[in-house]
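Quick caveat, the model's predicted, so the values are computed rather than measured. Note on naming: letters A, B, ... go to the chains in the order of the sequence lines (proteins, then strands), and numbering restarts at 1 for each one.
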There are 2 protein chains.
Amino acid sequence: MSQTVDRALSILPLLAQGPANLEQVADRLGVHKSTALRLLRTLHEHGMVYRQADQRYRLGARLFALAQEAVENLDVRDIAHPHLVALNEKVGHTVHLAVYEENEVLYIDKVESRYPVRMYSRIGKPVAITVAAVAKLLLADLPEPERRAVAERLDYPQYTARSTPDATAFLAELAKVREQGWATDLGGHEESINCIGAPIRGADGRLVAAMSVSAPNVVVSAEELLALLPLVRRTADAISREYSGNDPVRTPQDHKEAR
Amino acid sequence: MSQTVDRALSILPLLAQGPANLEQVADRLGVHKSTALRLLRTLHEHGMVYRQADQRYRLGARLFALAQEAVENLDVRDIAHPHLVALNEKVGHTVHLAVYEENEVLYIDKVESRYPVRMYSRIGKPVAITVAAVAKLLLADLPEPERRAVAERLDYPQYTARSTPDATAFLAELAKVREQGWATDLGGHEESINCIGAPIRGADGRLVAAMSVSAPNVVVSAEELLALLPLVRRTADAISREYSGNDPVRTPQDHKEAR
DNA sequence: TTTCTTGTTGCAACATCTGCAACGCCCATT
DNA sequence: AATGGGCGTTGCAGATGTTGCAACAAGAAA
């Protein structure tokens, strides 16, 4: 749409491959040296490119400062909430959103079941970390040494007969969760409540949050709840996509062709 | 230099603060809606901005990908990382790696403390330039006129009672740092956190980066931390040697494993 | 329904960008 | 020291791309 900006932005992926001097940039852009120079100057003023000692250009610091700032200001909740509501309207059960932070898993959003039977959970409250589906998902994503360290540091309260008994069992469960990409809690926290969860990932593939659908088995059986799994996973994936901004990203070579 | 590109790039930091709609962007940019629209479209085609469900714009995935590459291209990081990890394993405290670029000092790598007490810092984030040990080291290495110019241009926020008060004090501190070849920050940024740093030099003797070890004084006193200085300096020297390729390179295979 | 708000498009005026050619600087070669 | 080549930089005139306007479209609110 805007030729000048288009050209300027095309410089960035080019420099991402490695440092380049003015002439190389001009050539690969298909413009005159002086044009490339002016574009690079503008990029430079904004800190998007950096000029190293040998006068060659490479990507600049502001790029990751920007990315960093954006990530900090990005709230999963904002993005997830409408999806959670939509899911809740479809299935009727309670929907949770949780994040991992400093050895804890916290609920950060919740859409109440439309059925009168409610469960005990609250936004901001730590999750029952050894049994909840969202906790399993979030912990399963930790790098191996930390995962093990956390698992061994935890207490394993026997809420019910189905609660995770100890670190060994928990680590095995985490491995399974990691493998299959989803998690359950079948009566592990409260005897009569089942729960299925799915992961929400950021652009780098790491988990940023996890969501779950919970229902007491007086309303639906565990099997019926599990039938909702594809729906829950699709929702989680939709949130992931929106969160990481992957949606309509074109491949770099599309640009030249489209011009 | 280039108005169009200048405007387009000005949109990015604006969106980094949070999502904005067309009109907000146009207003804050001081241009007509249609102009802003075209700029945003161009940014969009390059994946630099993303349009969320509510039509508002935010920074896009490609920006993050580029930022990622930018960080990876800073190759001191590749070499330093294994050393930083090793040091962290030995002392347990948080280890930072930082570079100077365009009047800023940026963290480009960090290995977290194994203690639960963590400090507020993040890769890609600008360092508190007037107090941080790594900043003192990097600025002390600038040629005299530039060093003075930068020092006088800076603000001197009084984070704590021990923060560097003004340019004069800062220049004196830099002279000392230059002299002794290492630097400290004793409660200058956060009252309870101390920090010791050492320089990493390229083949030409100029600084290419600086590293530091930080610890809250609830864990170790300033004196205990200072006792680690020889170790920190040895680590920095090892990185310098490997980076400048002067010495028998230690363990080439470490890189692949650590990355 | 009407009324507002917000995003989008076509267009004519013109400001901005472009490519050129000449210049200057630095380094390598003689 | 002088010469020559490589590369970055600058001023300029022409023209291309960009701008702001005003009108339109679409959706939300009243």
Side-chain angles (χ1 to χ4, degrees), chain A residues 1-12 14-15 17-60 78 81-82 85-86 89 242 245 247-248 250 255-259, chain B residues 1-12 14-15 17-60 102 143 145-146 202-204 206:
Chain A
M1 285 268 118
S2 165
Q3 188 189 57
T4 320
V5 176
D6 185 40
R7 286 173 169 172
L9 293 179
S10 301
I11 292 178
L12 298 177
L14 192 154
L15 290 183
Q17 294 166 27
N21 65 19
L22 178 62
E23 204 164 35
Q24 294 170 319
V25 171
D27 282 353
R28 300 180 64 179
L29 257 177
V31 300
H32 196 268
K33 282 189 305 176
S34 57
T35 304
L37 177 68
R38 283 181 289 252
L39 296 176
L40 281 165
R41 282 233 182 99
T42 311
L43 289 169
H44 183 112
E45 279 179 11
H46 286 259
M48 306 293 284
V49 307
Y50 172 67
R51 196 149 200 199
Q52 29 183 47
D54 62 354
Q55 296 224 91
R56 292 192 304 166
Y57 295 90
R58 29 158 266 241
L59 295 183
D78 293 344
H81 192 77
V85 170
E89 277 166 5
E242 193 174 332
D247 211 275
R250 296 190 188 176
H255 298 140
K256 285 180 188 165
E257 291 164 9
R259 280 223 38 77
Chain B
M1 286 275 119
S2 164
Q3 190 188 54
T4 319
V5 177
D6 183 44
R7 286 173 169 173
L9 294 179
S10 300
I11 291 177
L12 299 177
L14 194 152
L15 290 184
Q17 293 166 28
N21 65 19
L22 177 62
E23 203 165 36
Q24 293 170 319
V25 171
D27 282 352
R28 298 181 64 180
L29 217 61
V31 300
H32 195 271
K33 282 189 305 177
S34 57
T35 305
L37 177 67
R38 283 182 289 250
L39 295 176
L40 281 165
R41 277 229 254 266
T42 310
L43 288 168
H44 184 111
E45 279 182 13
H46 286 259
M48 305 293 283
V49 307
Y50 169 68
R51 195 150 200 198
Q52 26 182 52
D54 62 355
Q55 295 226 54
R56 292 192 303 165
Y57 294 91
R58 36 166 267 236
L59 295 185
E102 305 273 327
E146 193 177 349
D204 56 359
R206 293 282 317 263

statement: Heavy-atom closest pair (B/Lys33 atom, B/Leu22 atom, distance to 0.1 Å) is O-CD1, 3.8 Å
Which pairs would a plain distance check flag for residues 40-49 of chain A, meaning a side-chain donor or acceptor within less than 3.5 Å of a matching protein atom at least two apart in sequence or in another chain?
unit_1, atom_1, unit_2, atom_2, d
A/Thr42, OG1, A/Arg38, O, 2.9
A/Thr42, OG1, B/Ser2, N, 3.1
A/His44, NE2, B/Glu102, OE1, 3.3
A/His44, NE2, B/Glu102, OE2, 3.4
A/His46, NE2, B/Asp6, OD1, 2.4

query: Expressed in angstrom and rounded to an integer, what is the separation of A/Arg56 atom CZ from D/dG6 atom C1'?
result: 16 Å
- request: Heavy atoms only: give me the nearest A/Leu29-A/Arg7 pair and the separation to one decimal.
  value: CD2-O, 3.7 Å
- line: Ranking B/Arg41 and B/Glu23 by the position along DNA chain C of their nearest nucleotide, the one closer to 5' is B/Glu23
field: Interatomic distance, A/Leu12 atom CG to A/Arg58 atom CZ [nearest 0.5 angstrom]
entry: 13.5 Å
- prompt: Expressed in angstrom and rounded to an integer, what is the separation of A/Leu40 atom CG from D/dT10 atom P?
  reply: 14 Å
- prompt: What string of B, S and - do you get for nucleotides 18-30 of chain D 5' to 3' if you count protein non-hydrogen atoms under 4.0 Å?
  reply: SBBBB--------
Contact summary for A/Ala36 and A/Val25, nearest pair of heavy atoms: CB-CG1, 4.3 Å
query: For the pair made of CZ in A/Arg51 and C1' in D/dC7, what is the distance, rounded to whole Å?
result: 10 Å
- prompt: Atom CG of B/Asp27 to atom P of C/dG7: distance rounded to whole Å?
  reply: 11 Å
statement: CG (B/Leu9) and CG (A/Leu9) are apart, to the nearest 0.5 Å, by 6.5 Å
- line: For B/Asn21, the side chain to side chain contact (heavy atoms under 4.5 Å, CB included) test, sequence neighbours excluded, returns B/Glu23, B/Gln24, B/Arg56
- request: For B/Arg51, enumerate each residue passing the side-chain hydrogen bond (donor to acceptor under 3.5 Å, both in side chains) test, keeping only those at least two apart in sequence or located in another chain.
  value: B/Gln55, B/Tyr57
query: To the nearest 10 degrees, what angle separates the axes at the start and end of the helix from C/dT1-D/dA30 to C/dT30-D/dA1, five pairs each?
result: 40°
field: For atom CG of A/Leu22 and atom P of C/dC25, their distance in whole Å
entry: 18 Å
B/Gln55 CD - C/dT6 C1' separation (whole Å): 8 Å
